[in-house]
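To start, the structure itself, in structure tokens.
Quick note: residue numbers are just sequence positions, from 1. This one's a predicted model, so the numbers in the text were calculated from it and none came from an experiment.
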Amino acid sequence: MSRYARYIESRGVFSRVCAEVEGEKFSLSKRLENFLSAFSGQDKPLFKLCQASSYTDRLIHLLCVHKRLEGSCHARAISVTSNGIESLAAQFWGVEPEPDTRAKLMQSLGKAYRQAKHSKDDEPMDLDAEIRLVFKRLLKGLPSAFKEQAQHLAEKPTLGQYSHFLFQENVTDFYNPMGEISKAEAIASIEENDALLEFFGGNPVTRIADCINEINPDKATIPLRQVHEAAVFAGITAAQVGKINVLALEGNPGIGKTTAVMKFLKQQKQQSQGFLFLYLSPRVVINRDVTDKLARENQQPTGILTITSNKNLIDAAPEWYKKQVQQNNFPPTSIDSAVVVDGIGKLTRPDCSILFVTPEQELDIDCNIVGSTRFKRRLNERDYSVESLYSPGVLRTIATSARKLLEANPKVNQLVMTAAIQGYRTLNDQSTTVNAFNNLFAKKADTKPGKKERSAFAARIPTIVVSWLCRR
């Protein structure tokens, strides 16, 4: 079951996504509802979940009609297929409309199942006809430029085989990020307004133009991507000391937003300037790319300490370390979390409950260990309860590990921290997940030792860059 849960989490770009909403509802798309059997198939998880939802909804309705159910009840629809287990839970109150949005969703799934076309004995010809109908509807919904090119597919769709096709569309008013433009044109496009004048403390055109002209000074043209880079350089350089300076970088993936920030930090590295780069993204792969590029150059450590972690690594660390104690004679110690460290050739690893692993060890953990924070407690001869162990959060883990590594390695003054997190939320004690960064320091900020500790940190690491990747 744990391995299946891990598999489900790895299927999507985002995992453990949660939302707190009011006045919203979940419902099944009408188009999907009308062609449920064609899109899902009768042995697929969605179809089975709709079937289970229908049984659950009708049973609750029947119990209410015959006055066998009073008050509310908690119901769960479970679908078991060869792909694993899917479930949906809801609170039913026996009134119309049901106040729980999940109950409404379960009702809509059940309605879709009852309205779906059910083939007799799963006759393939019925399913084929449904698939052909949906296929033609999809083609009709294509943009006009694609619809004309797809006509041959609609004439004779071959079921059960791959269809090879190539659609093309000419897009106007589009700039290639690597396309060259004149530096004069780039500088002329820079806006000048009161907000930019205040941010730069002077003429923004002059500041950004200086950065543009520093790139390939002997050429009159410049790639659009490097124009963006120059603007980022100018913005970070203009940051005012002792203040929070915000740069909002908006654009499609791959145009160089994060790369520009990393290039700036590498310049700081060459000048031996201390910095802390905190990069937060929901995707482990992106975080790994950032740490790899800053920790290694030509397969050699750059001298920039990189720290990254995620919940799966933290959960799996205790079990992996137990195996190392048994098989590889690691010293017995209590481990409750882990981070991946890189970039420093001879790094002193502090003794604590955090496990400091290499990228190679992280790969071993990811491939061979399924971490779990749940355990089964026996209540009596017949009953058990499933409970959760304490697990330190991702942000708290990387902040604490950063403090301990800086203490153990006093010459290190360039640090990169990345973390895979889904969002920020308010906790039970009215603090937020961001408060976890207080663990960068051992003393409280409002005490004399705390102020002294922070002043020493600022002298050692004067530049802090925080980058939060968000999707709209």
Would you please test Glu297 and Thr302 for side-chain hydrogen bond (donor to acceptor under 3.5 Å, both in side chains) and show each step?
CA-CA 6 Å; Glu297 194 167 325; Thr302 59; over 6 Å; no
Compare every heavy atom of [Y] with every heavy atom of [X], then report the nearest pair and how far apart it is.
X      : Y      : value
Gly303 : Ile344 : O-CD1, 3.2 Å
Leu405 : Pro350 : CD2-CD, 3.6 Å
Ala445 : Lys451 : O-CG, 3.5 Å
Ala338 : Leu313 : O-CD2, 3.9 Å
Pro359 : Val341 : CD-O, 3.9 Å
Ala260 : Phe233 : O-CE1, 3.2 Å

Where the side chain of [X] meets the backbone of [Y], is there a donor-acceptor pair that is under 3.5 Å apart?
X      : Y      : answer
Ser189 : Ala186 : yes
Asn328 : Gln324 : no
Ser401 : Ile398 : yes
Arg454 : Pro449 : no
Gln267 : Phe264 : no
Gln414 : Phe275 : no
Asn310 : Asn312 : yes

The test is side-chain hydrogen bond (donor to acceptor under 3.5 Å, both in side chains); show your working for Thr418 and Thr308 and say whether it passes.
CA-CA 5 Å; Thr418 69; Thr308 187; 2.6 Å; yes
Less than 3.5 Å apart, any donor N or O on the side chain of Gln91 or Ser72 sitting next to an acceptor on the other?
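Result is yes, a qualifying pair exists.
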Mind jotting down which residue pairs meet the salt bridge (Lys or Arg N to Asp or Glu O under 4.0 Å) criterion with at least one end in [range]? Sequence neighbours excluded, please.
range            : answer
residues 257-281 : Glu229-Lys263
residues 392-415 : Arg403-Glu407
residues 190-203 : none

Non-hydrogen side-chain atoms of Val340 and Thr291 separated by less than 4.5 Å
no
Determine whether Leu276 and Phe457 make a side-chain contact, defined as any pair of heavy atoms from C-beta on separated by less than 4.5 Å.
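Yes, at least one pair of side-chain atoms sits under 4.5 Å.
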Quick check on Asp446: does its CG atom have over 12 non-hydrogen neighbours (other residues, nucleotides or ligands) under 6.0 Å away?
yes
Is it the case that over 12 heavy atoms from other parts of the model lie below 6.0 angstrom from the CD atom of Gln271?
yes
Pair Asp292 + Arg288: basic N to acidic O under 4.0 Å
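Looking at Arg288 together with Asp292, the answer is yes, because their closest N to O distance falls below 4.0 Å.
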Step-by-step side-chain hydrogen bond (donor to acceptor under 3.5 Å, both in side chains) determination, Trp93 to Asp100
CA-CA 8 Å; Trp93 293 88; Asp100 188 348; over 6 Å; no
Check the pair Lys243 / Gln240 against side-chain hydrogen bond (donor to acceptor under 3.5 Å, both in side chains), numbers first and verdict last.
CA-CA 6 Å; Lys243 292 185 177 181; Gln240 299 179 38; 3.2 Å; yes
Tyr321 OH to Ser353 OG distance, which is reported to the nearest 0.5 Å:
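Reported to 0.5 Å precision, the distance equals 12.0 Å.
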Given Phe277 and Leu415, is the side-chain contact (heavy atoms from CB on, under 4.5 Å) satisfied, shown in steps?
CA-CA 6 Å; Phe277 180 37; Leu415 173 65; over 6 Å; no
